[in-house]
Amino acid sequence: MPGLDVVSDPVDLDVPDDAELAITVAVLDDGGAATQHPEGLQTGYAAPFASVDSPILPGAREFTELHWIKGVDMSGEAARGEPVIVAFGDSLTDGSGTTPNAHQRYPDHLWRRLGVPVLNTGIGGNRLLANGFGPAGVLRFARDALGVPGVTHVIIALGVNDLGLTGRPVTASALIAGYTALAARAREAGVVPVGATLPPFGGAVYPGYHTGHGEQTRAEFNAWMRASSGKTGLFAAHLDMDAALRDPARPVLLREDLHFGDGLHPNDAGARAIAAAVSPSAFGL
């Protein structure tokens, strides 16, 4: 039935660290438009009349979206008791601007740095407070963060698009209220919330994206985030995207060597810098 989640039978499969898992789906009939994640950053292949167990698809068409598959749940003795981190955010989490087929998103770098699972639930263009590119963060948090099996920690990194894509000004107090609500919901679910500062985007090439009001709101929000993180704060820690990515000489801009050319999205080096911008102790490591 359209709109329902379907879980496959379990598969006994040994999957080593840093392995790529290929999933083949056979579509027998035209079911209409497929669910999709527009920027998968991984190449997929589609071919007519192909066998699902064939390692090669002759004449296949390439695509980069993710269709149908929401995730893969894994279990194992070695994984029990270690942190399971959800990276919840927008295109900066999703990986826009990083090299396709190379696993260079900041959550990829973070799991390699920490050695524990980091699940990416970023959606490009997503906003904290308003629907648009996917449901608003405050609406999808229960499903995409708290609903992840075994989750112990969640990094909340939304808000840039609330400032850049909105038709009306969003205030710092509104962003703070949204973050506060998500942190409280995480705590109630037994999940440790980790916040994030908003990185600079003064050099964004998209007309109207950066404004004076947005810059002032970003500064106010970041000051609050830094004051609200720590052992006695609302958040256990924060991912300081602002400090990791800003140009020291021009702090409203991303460093030239850390974005991929649009003044908004980090490149591979920028994603690596984000992953280094939080202490392992935030995750009990």
Side-chain angles (χ1 to χ4, degrees), residues 38-39 86-97 106 121-146 154-187 193-229 233-235 237-247 250-254 259 262-266 270 274 277:
E39 191 168 21
V86 170
F88 181 76
D90 48 32
S91 57
L92 279 68
T93 300
D94 198 17
S96 297
Y106 103 70
T121 61
I123 297 178
N126 198 222
R127 288 180 283 182
L128 176 68
L129 303 174
N131 297 330
F133 293 88
V138 293
L139 297 180
R140 70 182 186 92
F141 188 67
R143 179 194 68 189
D144 293 348
L146 303 183
V154 56
I155 302 170
I156 305 168
L158 282 169
V160 170
N161 290 318
D162 292 80
L163 303 179
L165 294 178
T166 185
R168 56 184 179 181
V170 172
T171 64
S173 60
L175 292 178
I176 290 169
Y179 265 74
T180 300
L182 295 190
R185 289 165 63 186
R187 295 281 191 187
V194 175
T197 56
L198 302 181
F201 53 95
V205 299
Y206 310 105
Y209 196 92
H210 183 261
T211 65
H213 170 80
E215 187 58 41
Q216 179 62 34
T217 300
R218 187 179 75 87
E220 293 176 12
F221 173 84
N222 285 351
W224 170 82
M225 175 56 68
R226 292 184 173 110
S228 302
S229 304
L234 181 64
F235 297 92
H238 68 276
L239 187 68
D240 203 340
M241 289 189 176
D242 175 48
L245 298 176
R246 70 186 177 217
D247 185 332
R250 299 172 297 171
V252 300
L253 303 178
L254 297 176
H259 71 90
D262 68 347
L264 177 63
H265 294 104
I274 292 174

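Throughout, numbering of the chain's residues begins at 1 and tracks the sequence.
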- Look only at the side chain of Arg185 and the backbone of Val138, and say whether a donor-acceptor pair between them is shorter than 3.5 Å. yes

- Query: Where the side chain of Ser228 meets the backbone of Gly233, is there a donor-acceptor pair that is under 3.5 Å apart?
  - Reply: no

- With a 4.5 Å heavy-atom cut-off, do Pro193 and Leu234 have their side chains touching? no

- Quick check: does any side chain N or O of Arg246 sit under 3.5 Å from a backbone N or O of Arg250, one acting as donor and the other as acceptor? no

- With a 4.5 Å limit on heavy-atom distance, are the side chains of Phe201 and Leu163 in contact? yes

- Item | Side-chain donor or acceptor of Asp162 paired with backbone N/O of Leu128 under 3.5 Å | yes

- Task: Measure across Arg127 and Gly132 and return the closest heavy-atom pair with its distance rounded to 0.1 Å.
- Result: NH2-CA, 4.1 Å

- Message: Would you say His265 and Ser91 are linked by a side-chain donor-acceptor pair, where the criterion is simply a distance under 3.5 Å?
- Response: yes

- Message: Closer than 3.5 angstrom, by distance alone: can the side chain of Asn222 be matched with the main-chain N or O of Leu198 as a donor-acceptor pair?
- Response: yes

- Task: Evaluate side chain to side chain contact (heavy atoms under 4.5 Å, CB included) for Thr93 paired with Phe88, printing each intermediate quantity in order.
- Result: CA-CA 7 Å; Thr93 300; Phe88 181 76; over 6 Å; no

- Task: Measure the shortest side-chain to side-chain distance between Tyr209 and Leu165 over non-hydrogen atoms and say whether it is less than 4.5 angstrom.
- Result: yes

- Mind listing the closest non-hydrogen atom pair of Phe221 and Ala196 along with its distance? CE2-O, 3.5 Å

- Message: When you compare the side chain of His213 with that of Gln216, does any pair of heavy atoms fall below 4.5 Å?
- Response: no

- Flag side-chain contact, heavy atom, 4.5 Å: Val170 against Thr217: no

- Task: Examine distances only and state if a side-chain atom of Asp94 and a backbone atom of Ile123 form a donor-acceptor pair shorter than 3.5 Å.
- Result: no

- Item | 4.5 Å side-chain heavy-atom contact, Pro200 and Leu253 | no

- Note on the structure: Taking every heavy atom of Ala136 against every heavy atom of Leu129, the minimum-distance pair comes out as CB-C, 3.7 Å

- Message: Using side-chain heavy atoms (C-beta onward) and a distance below 4.5 Å, is Asp242 in contact with Arg218?
- Response: yes

- Would you confirm whether Tyr179, through its side chain, and Leu158, through its main-chain N or O, come within 3.5 Å as a donor-acceptor pair? yes

- Item | Side-chain heavy-atom pair Thr180, Trp224 within 4.5 angstrom cut-off | yes

- Asp90 side chain to Gly124 main-chain N or O, any donor-acceptor pair under 3.5 Å? no

- Does the Asn161 side chain pair with the main chain of Asn126, one donor and one acceptor, at a distance under 3.5 Å? yes

